Every structure is written in C-alpha cells, then in structure tokens.
Amino acid sequence: MKALTETKPGNAPPRVENSLQQAIPHASRWRQTFRRWWPFWLMALPGVIYFFIWHYLPIWETKIAFEQYRIIPPNVWVGMQYFATLMSSPVFWQVIQNTVIIGAMKLVFIFPVPIIVALLLNEVRSSGYRKFVQSVIYLPHYLSWVVIASIAIATLSPVDGAVNEIIKGMGYDPIPFMTDTGSIRWVLVFTEMWRSAGWDSLLYIAAILAIDPQLYEAAEMDGAGRWRKIWHITLPAITPTIATLFILNVGLFLSQGFDQVFNMTNDVVNGQIDIIDTYVYRMGLRTGEFSLATAAGLFKGVIGMILIVLAHNVSKRLTGKGVW
C-alpha cells in the first residue's frame, strides 16, 4: 500500500482506485456489477424474451422464401423463384402502390400533428386543463382497431352516421365513406391520426420539458413573444427528437397497419387499401403459399432497412442528427 500512495517530486500521485480495480479479478467485478444492476436487468428481461422469440428467432425461418415449402421436410431450394413470381404479379404491384400511397399520406398528414400538439400543450398555462386535455387525447391509443373500426363505421354511416347527418343538414347528399374508393384512404389517415397523435406527442413533450427554462427567461427579457420562443428555442431544441422519429417512420413506411386495414376493408374498397401486410396474411394463412408470403415479407423488411439507412444519411447531411 505504501508503494501505491508514495509520491515523487514533480509527479502527480498515482490513482489508488485504478490500481485496486486492476487487482480485483474479472469475476469479482462481474459479481459486483450483477448485484448492483440485477433489478434493472430483471425488469428488462420480459421485453428481451419477447423480442428474441417474436423478432429474432423468426429471422432464421425466412429461408423458406428461397425454398419450396413442404409439410413433410425437407424443403426444396428454389433460389429467387418466389421473388420473380412477386415481381411478375400485377396484384403485388398494385399492393405496393397502395402501400406507398397510404404511407405517403400518413407521413405527410400525420407526422407533423404530434409535434403541433406538443407545442400547443406546452403553451397551456393551466396545469389542470393541460392534464385533462392530455388524458382525453391519450385515451384513443388504448382502444383496439376493432373498437375504432366499429366507431368509424357507426359515425360514417350514410344512413344515420353523425358525419353524414351534418352533411345532409348542409344540403348535400350523404357519402358512403366506408365503401367509397375515393374516401377510404382518407378514413385510414384520419382514424390513425385520431388514435396516435396524442400518444406520439409524449416524446416531444418530454423533449420540450428538458429545455433549460433560463433560455425562455432570457428570450422574454429580450422581448421575444411566444411564437419567437417556439421558433428560436423550442423547435431547435427538439430537432434531434424530430429527426430520429422521422427516420424511424420512414423505416416503417411499408408497414401501414395490418390491424387497421383488416378491420376496415371490404370487397368494394379492398383494391384501394390492400397493403403488403394484408397480402402476406392472405397468401400465407388463407391460401397456404407460405414461401410466397415469406418472400413478400422479406421484401418489405429489406426495403424498410434501406429506407432507414437512406433517411439517416440524409438527416445527417441536412441537420447533423441521425439515429446513430
């Protein structure tokens, strides 16, 4: 111990802690770390198990996209045959077109809404009123798409739906929204907005609360109003959060909600809202084309990964912020 603490003129005293840490065996350090962090690891364990079972183990089975699936193995390797079948199918290209159109509509009209909601809630001075509004706009997130579809069907009914009652009161003919090929995509957009806008604003609200209040106080002393504080302080501060969520939304561009479309589709409008997820369901579970369905799902996953990388690189060049 004397050697560890002895100093020489002109030299800084050696760090006793580092020397002692080096003397502790690796196994002992691991046990100390485990005793300190095991409650947090235990809380994370259910999520890790969920992702391992439902997101990582199925990756191995994507190999059947390159095989002719047989109930009695072994499967027969066919290479890119099913991908060629997809690329030559006009139905699949229509499905891709529907997915891209719905994805673009949701990205343009839904993505900015949680940001606006968070900015507006931040300007509410009454804490009681703000909590009430937050509770109301968060509630739809906890409703299943079965319930939301039922509400939409009842509200948009051309016979006695509330929306069409207003339209008829204004002197116009009722619109069968749920069976109108020109309206059904907008129904998907607005029901998704109603369900997710409030909940998605949570991340932006958390980012706004992390802003130093002294910045707002300094801006007020300089005579800045609310809009200038939002434009020059709030928005720049939450730009990293906006960039990250935008990149993730771009990566999910081809995942437009199986539950929503499945509960709102019908034979009349299916050609307008049939997306990749419903196509995979139909090919895999209804017709038994497991290899073809897996190929379609793998195609969607690869395109999604490419979109994430592209969006990350573009965001890094424009804003200097990205996912990694």
Side-chain angles (χ1 to χ4, degrees), residues 50-51 53-55 58 61-62 64-65 82 86 89-111 139-158 161 163 175-200 248-249 251-304 307:
Y50 167 81
F51 279 98
I53 294 176
W54 297 105
H55 291 268
E61 294 303 327
T62 56
I64 68 173
Y82 290 106
L86 289 175
S89 171
V91 175
F92 185 68
W93 283 109
Q94 179 62 44
V95 166
I96 292 179
Q97 179 180 337
N98 294 340
T99 306
V100 171
I101 292 175
I102 295 173
M105 292 173 66
K106 288 185 176 181
L107 192 63
V108 171
F109 294 102
I110 296 180
F111 181 78
L139 180 62
H141 175 78
Y142 297 99
L143 301 178
S144 70
W145 277 113
V146 177
V147 176
I148 296 176
S150 302
I151 295 173
I153 293 171
T155 306
L156 302 176
S157 170
V163 175
I175 302 173
F177 290 99
M178 301 303 297
T179 56
D180 181 27
T181 55
S183 305
I184 189 62
R185 287 172 177 167
W186 291 106
V187 173
L188 298 182
V189 171
F190 283 106
T191 52
E192 176 68 32
M193 183 188 300
W194 178 71
R195 182 178 187 267
S196 62
W199 181 261
D200 291 345
L248 296 177
N249 275 270
L252 297 173
F253 188 75
L254 298 182
S255 299
Q256 293 308 319
F258 168 81
D259 293 340
Q260 182 189 27
V261 175
F262 184 80
N263 284 285
M264 293 190 177
T265 191
N266 53 68
D267 293 337
V268 179
V269 299
N270 188 62
Q272 298 294 314
I273 61 174
D274 188 20
I275 58 176
I276 295 179
D277 291 329
T278 53
Y279 178 83
V280 170
Y281 163 78
R282 189 168 61 253
M283 291 294 103
L285 296 182
R286 295 181 62 179
T287 65
E289 295 285 347
F290 300 114
S291 297
L292 189 64
T294 304
L298 184 59
F299 171 83
K300 187 189 79 169
V302 172
I303 297 299
L307 290 175

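Treat the numbers as computed from the prediction; the structure is a model and nothing was measured. When a residue number appears, it is its place in the shown sequence, counting from 1. Below, all heavy atoms of this structure are taken into account, side chains as well, without hydrogens, waters or symmetry copies.
- The backbone N or O of D259 lies less than 3.5 Å from a partner atom in the side chain of N263, making a donor-acceptor pair.
- Residues passing the side-chain hydrogen bond (donor to acceptor under 3.5 Å, both in side chains) test with S144: none are found, sequence neighbours excluded.
- Between F190 and F109, the gap from one ring centroid to the other reaches at least 6.0 Å.
- Note: L307 CG to L252 CG = 10.0 Å, rounded to the nearest 0.5 Å.
- Formation of a donor-acceptor pair under 3.5 Å by the R185 side chain with backbone atoms of Q272 is found in this model.
- With contacts defined as side-chain heavy-atom distances shorter than 4.5 Å, the pair P140/I148 does not qualify.
- Closest approach of F290 and G284 over heavy atoms only: CE2-O, 3.1 Å.
- Classification of the Y281-F262 ring pair by plane angle, with boundaries at 30° and 60°, yields perpendicular.
- Here the side chain of S291 pairs a donor or acceptor atom with the backbone of I64 at under 3.5 angstrom.
- Counting only distance, with no hydrogens or angles, the side chain of T287 and the backbone of M283 share a donor-acceptor pair below 3.5 Å.
- One finds the CD1 atom of I184 at 10.5 Å from the CG atom of N270 (value rounded to the nearest 0.5 Å).
- Looking at Y279 and V91, their side chains come closer than 4.5 Å, going by heavy atoms from C-beta outward.
- With rounding to the nearest 0.5 angstrom, the CG atom of L188 is 9.0 Å from the CD1 atom of I110.
- Rounding to the nearest 0.5 Å gives a distance of 11.5 Å between OG1 of T179 and CG of D267.
- The shortest distance between side-chain heavy atoms of I102 and I275 falls below 4.5 Å.
- I96 has its side chain within reach of F299: a pair of non-hydrogen atoms, C-beta onward, lies under 4.5 Å apart.
- When each of Q260, K300, R282 is paired with D277, the side-chain hydrogen bond (donor to acceptor under 3.5 Å, both in side chains) condition holds for K300 and for no other.
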Please evaluate residues F253 and V100 with respect to the criterion side-chain contact (heavy atoms from CB on, under 4.5 Å), reporting the C-alpha separation (whole Å), side-chain torsions for both, the decisive distance (0.1 Å), and the verdict. CA-CA 7 Å; F253 188 75; V100 171; 4.0 Å; yes
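- Note that the CG atom of L292 and the OG atom of S89 stand 8.0 Å from one another [nearest 0.5 Å].
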Between W199 and Y142, does a ring-ring contact (aromatic ring centres under 6.0 Å, His included) hold up when you go through it step by step? CA-CA 9 Å; W199 181 261; Y142 297 99; 5.5 Å; yes
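- With sequence neighbours left out, K106 forms a salt bridge (charged side-chain N to carboxylate O under 4.0 Å, His left out) with no residue at all.
- The aromatic rings of F51 and H55 sit tilted relative to each other, their planes meeting at an angle between 30° and 60°.
- Taking CG from L86 and CH2 from W93, the interatomic distance works out to 9.5 Å, rounded to the nearest 0.5 Å.
- The closest side-chain heavy-atom distance from T191 to M264 is below 4.5 Å.
- Across A65 and Y82, no two heavy atoms sit closer than the pair O-CD1, 3.7 Å.
- In this structure, D200 has no salt bridge (charged side-chain N to carboxylate O under 4.0 Å, His left out) partners at least two apart in sequence or on a different chain.
- At least one donor-acceptor pair under 3.5 Å links the side chain of N98 to the backbone N or O of D274.
- Summarising the geometry of G297 relative to V280, their closest heavy-atom pair is N-CG2, 3.9 Å, with the distance given to 0.1 Å.
- Side-chain contact between M178 and V187 is present, with at least one heavy-atom pair separated by less than 4.5 Å.
- Looking at T99, its side chain does come within 3.5 Å of a backbone N or O of I276 through a donor-acceptor pair.
- The heavy-atom pair separating I151 from L143 by the smallest distance is CD1-CD1, 4.5 Å.
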